[in-house]
Amino acid sequence: MAEQSFDINFRGYWRDSKKSSVPSKSGIYCVYRAVYDENKEFLSLKELIYIGESEDVKGRLANHEKLDVWSKRLKGEEVLCYSFGEVSPKDRVRCEAALIFKHKPPVNTEYAEAFPHDKTSISLEGRIGFLNESFTVLRT
């Protein structure tokens with residue numbers, strides 16, 4: 001593997017009750033704790049709790065085995081919400097690993113302490129709450 005750079009545009013945020021609107025595409029997804037004010041139609045992110053990847057993000061979120069773990073992290077009136085960034089199937093795992101290694105969400109364990117790929121640079125745009133806009137990680 002050689003050094004690579006990736007540009008990812010994150011879309012969202014989808015509350016848990018609206019996650020059926022997440023695209024059925026290959027990509028990376030982020031899971032957040034958030035508060036939604038229905039009167040103002042305003043979503044306030046509180047914490048990035050998980051980063052994952054899937055060939056079909058919509059399908060993955062519909063039946064995710066960590067849903068109970070995520071839900072147990074909610075406080076008071078908080079809800080889960082999701083963002084999505086399209087990434088090609090061949091690059092998904094590398095991009096996910098870089099994002100986890102850099103940001104260390106509390107529910108992720110794999111890649112939190114080690115990055116198994118060559119130098120990887122990521123540039124993000126869009127709905128990137130709690131994510132660095134650009135960063136580079138090195139093999140550990």
Side-chain angles (χ1 to χ4, degrees):
M1 265 194 271
E3 177 180 338
Q4 282 192 273
S5 296
F6 302 94
D7 297 317
I8 306 171
N9 183 6
F10 275 87
R11 294 184 276 158
Y13 302 101
W14 292 271
R15 288 174 288 134
D16 199 49
S17 62
K18 305 285 186 183
K19 69 183 175 187
S20 62
S21 298
V22 174
S24 294
K25 294 185 174 187
S26 170
I28 305 292
Y29 57 92
C30 295
V31 182
Y32 297 91
R33 289 187 308 110
V35 173
Y36 180 66
D37 183 329
E38 204 165 324
N39 293 327
K40 296 179 182 176
E41 295 186 357
F42 179 75
L43 185 74
S44 174
L45 299 180
K46 299 301 177 187
E47 180 187 29
L48 170 67
I49 59 175
Y50 187 81
I51 296 171
E53 61 83 19
S54 180
E55 185 173 333
D56 173 6
V57 171
K58 177 181 179 175
R60 180 77 173 118
L61 292 174
N63 299 302
H64 204 288
E65 70 276 2
K66 292 196 184 293
L67 183 59
D68 286 341
V69 175
W70 301 338
S71 295
K72 286 178 182 171
R73 297 190 67 83
L74 298 177
K75 301 172 185 172
E77 299 295 316
E78 292 178 344
V79 296
L80 293 173
C81 79
Y82 311 93
S83 64
F84 161 80
E86 191 170 349
V87 177
S88 72
K90 70 180 181 60
D91 298 322
R92 271 195 335 260
V93 171
R94 185 174 184 165
C95 290
E96 175 202 35
L99 284 160
I100 292 169
F101 185 73
K102 176 66 178 175
H103 298 95
K104 300 186 184 342
V107 179
N108 288 99
T109 54
E110 189 174 22
Y111 307 122
E113 300 303 322
F115 184 69
H117 303 279
D118 287 341
K119 183 178 179 181
T120 301
S121 297
I122 306 274
S123 292
L124 304 175
E125 61 181 62
R127 305 290 187 153
I128 60 168
F130 300 109
L131 299 174
N132 292 53
E133 193 173 305
S134 64
F135 61 92
T136 299
V137 293
L138 305 173
R139 180 186 298 271
T140 57

Run the numbers on Tyr36 and Glu78 for side chain to side chain contact (heavy atoms under 4.5 Å, CB included), then give the verdict.
-> CA-CA 7 Å; Tyr36 180 66; Glu78 292 178 344; over 6 Å; no

More than 12 foreign heavy atoms under 6.0 Å from CD of Glu65: is that the case here?
-> yes

Criterion side chain to side chain contact (heavy atoms under 4.5 Å, CB included) on Ile49 and Val69, from CA distance to verdict | CA-CA 10 Å; Ile49 59 175; Val69 175; over 6 Å; no

Distance col, row Arg139:CZ vs Lys119:NZ, nearest 0.5 angstrom, shows 14.0 Å

Give the C-alpha distance, both sets of side-chain angles, the deciding distance and a yes or no for side chain to side chain contact (heavy atoms under 4.5 Å, CB included) between Leu43 and Arg15.
-> CA-CA 9 Å; Leu43 185 74; Arg15 288 174 288 134; 4.1 Å; yes

Intermediate values then yes/no, side chain to side chain contact (heavy atoms under 4.5 Å, CB included), Val57 and Val22 = CA-CA 7 Å; Val57 171; Val22 174; 3.6 Å; yes

More than 12 non-hydrogen atoms from neighbouring residues, nucleotides or ligands closer than 6.0 Å to CG on Asp37, yes or no?
-> yes

CZ/Phe101 to OG1/Thr120 distance, rounded to the nearest 0.5 angstrom?
-> 11.0 Å

Any side-chain heavy atom of Leu67 sitting closer than 4.5 Å to one from Asp16?
-> yes

State whether the number of non-hydrogen atoms from other residues, nucleotides or ligands found under 6.0 Å of Lys104 atom NZ is greater than 12.
-> yes

Mind checking the CZ-CZ spacing from Arg60 to Phe84? Nearest 0.5 Å is all I need.
-> 14.5 Å

Are the side chains of Asn132 and Leu124 in touch, meaning some heavy atoms are under 4.5 Å apart?
-> no

Closest non-hydrogen atoms of Cys81 and Tyr13, given as atom of the first, atom of the second and distance, are SG-CB, 4.2 Å

Hey, quick one: are Val35 and Leu48 part of the same hydrophobic cluster, counting side-chain heavy atoms closer than 4.5 Å, chains of contacts allowed?
-> no

So do Ile128 and Ser83 actually touch side chain to side chain, heavy atoms under 4.5 Å?
-> no

For the side chain to side chain contact (heavy atoms under 4.5 Å, CB included) test, which of Leu99, Val93, Ile51 pairs with Tyr111?
-> Val93

Ser26 (side chain) donor-acceptor with Val87 (main chain) under 3.5 angstrom | yes

Parallel under 30°, tilted from 30 to 60°, perpendicular over 60°: which one fits the rings of Tyr50 and Trp70?
-> tilted

Check whether any side-chain N or O of Lys19 sits under 3.5 Å from a backbone N or O of Leu61 as a donor-acceptor pair, and report yes or no.
-> yes

Is there a side-chain contact between Pro23 and Glu86 (heavy atoms, below 4.5 Å)?
-> no

Electrostatic pair Arg94:Asp91 at N-O distance under 4.0 angstrom = no

Can a donor-acceptor pair be found between the side chains of His64 and Tyr82 at a distance below 3.5 Å?
-> no

Please report the closest heavy-atom contact between Ile8 and Gly85, naming both atoms and the distance.
-> CG2-CA, 3.8 Å

Are side-chain heavy atoms of Glu47 and Pro106 found at a separation under 4.5 Å?
-> yes

